[in-house]
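Dropping the structure in here first, questions after.
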Amino acid sequence: MLDQIHLLAVVTVLGVLEQAYFFLQVIYARRVFGISPPKISGPPEFERIFRAQVNSSEYFPIFLALLWQAGLFFHQGLAAALGLLYLYARYCYFMGYRTSSSGRLAPIYFSSGVLWILLAVSALGILHFLLSHYMRLNIFQLLTA
């Protein structure tokens, strides 16, 4: 079974490490700008870093759920590749937002597109499972016929 999920596990760990990096960047920015918790406002430079981290954290559970569903129900390799693309786009988002608020736009659109693809692949895989399990209907076989 582990050979069917190892790539998903690697991407998950990389995602957790990326989130930890974003958290550390906020801590560092708090020190640089002298902003003690629980305050969340300050210079625009701090607020952009803080928002980039919060926004990334908000999307992380959605990403993980879609990554694992796509990997388990459709194809582990495709899901892992899409997961790596998503993590890279999120890193670009964080770095772009840190520089300027407009620097976040292209990466956020790209990462959202990757999430939509993961959602579509997940839905297709789950639909295939349900139809084949309960109705003995293989939609992949029908599509290739």
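Only heavy atoms go into these numbers, but all of them, side chains included; no hydrogens, no water, no symmetry mates. Everything numeric in this text was worked out from a predicted model, so none of it was measured.
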Atom OH of Tyr21 with >12 non-hydrogen neighbours under 6.0 angstrom = yes
query = So, for Pro61 and Ser57, which heavy atoms are closest and what is the spacing to 0.1 Å?
reply = CD-O, 3.2 Å
request  = Output the distance between atom CD1 (Ile49) and atom OG1 (Thr99), rounded to the nearest 0.5 Å.
outcome  = 9.0 Å
task = Any chance you could measure Leu7, atom CG, to Thr12, atom OG1, to the nearest 0.5 Å?
result = 10.5 Å
query = How about Gln19 and Ser56: does a side-chain donor come under 3.5 Å of a side-chain acceptor?
reply = no
inquiry  = Do Tyr93 and Leu84 sit in one hydrophobic cluster, given that two such residues count as connected whenever their side-chain heavy atoms are within less than 4.5 Å of each other, even indirectly?
reply    = no
ask   = For Val16 and Phe60, which heavy atoms make the closest approach, and how far apart are they?
value = N-CZ, 3.7 Å
task = Hey, could you give me the CG/CD distance between Leu124 and Gln69, rounded to the nearest 0.5 Å?
result = 13.0 Å
key: Distance (rounded to the nearest 0.5 Å) between Leu8 CG and Leu2 CG   = 11.5 Å
message = When you compare the side chains of Tyr97 and Asn55, does any donor N or O come within less than 3.5 Å of an acceptor on the partner?
response = no
key: Non-hydrogen side-chain atoms of Tyr86 and Tyr59 separated by less than 4.5 Å   = yes
ask   = Counting N and O atoms only, with roles assigned by atom type, does the side chain of Arg104 sit under 3.5 Å from a partner on the main chain of Gly96, one being a donor and the other an acceptor?
value = no
Side chain Gln76, main chain His6, donor-acceptor under 3.5 Å = yes
Joint cluster assignment, Leu130 & Phe74, ILVMFWY side-chain distance < 4.5 Å = yes
message = Measuring only between side-chain heavy atoms, which start at C-beta, is Ser41 closer than 4.5 Å to Phe46?
response = no
message = Take a 6.0 Å sphere around OH of Tyr109 and say whether it holds more than 12 heavy atoms from other residues, nucleotides or ligands.
response = no
inquiry  = Please report the interatomic distance CG(Leu118) to CD1(Ile62), rounded to the nearest 0.5 Å.
reply    = 12.0 Å
message = Let me check something: do Leu127 and Trp116 share a hydrophobic cluster, defined by ILVMFWY side-chain heavy atoms less than 4.5 Å apart, either directly or through other members?
response = yes
ask   = Are side-chain heavy atoms of Arg90 and Phe63 found at a separation under 4.5 Å?
value = no
task = Kindly indicate whether the side chain of Ile40, heavy atoms from C-beta on, has any atom under 4.5 Å from the side chain of Arg30.
result = yes
message = Check this for me: Tyr88, atom OH, are more than 12 non-hydrogen atoms of other residues, nucleotides or ligands nearer than 6.0 Å?
response = no
request  = Considering non-hydrogen atoms only, spot the tightest contact between Val114 and Leu82 and give its length.
outcome  = CG1-O, 3.3 Å
request  = Verify the cluster assignment for Leu115 and Tyr91: are they in a single hydrophobic cluster under the rule of side-chain heavy atoms below 4.5 Å apart?
outcome  = no
Closest approach of Pro43 to Phe33 (non-hydrogen atoms, all atoms of both residues) = CG-CD2, 3.7 Å
query = When the ring planes of Phe73 and Phe129 are compared, do they come out parallel, tilted or perpendicular, using 30° and 60° as the limits?
reply = perpendicular
request  = Working to the nearest 0.5 Å, report the span between OG of Ser101 and CD of Glu47.
outcome  = 11.5 Å
request  = Please answer: with hydrophobic residues joined when any side-chain heavy atoms are less than 4.5 Å apart, are Leu64 and Val54 in the same cluster?
outcome  = no
remark   = All heavy atoms of Gln25 vs all of Phe94, minimum pair found to be CB-CZ, 3.6 Å
key: Considering all heavy atoms, the nearest Ser122-Leu66 contact   = OG-O, 3.2 Å
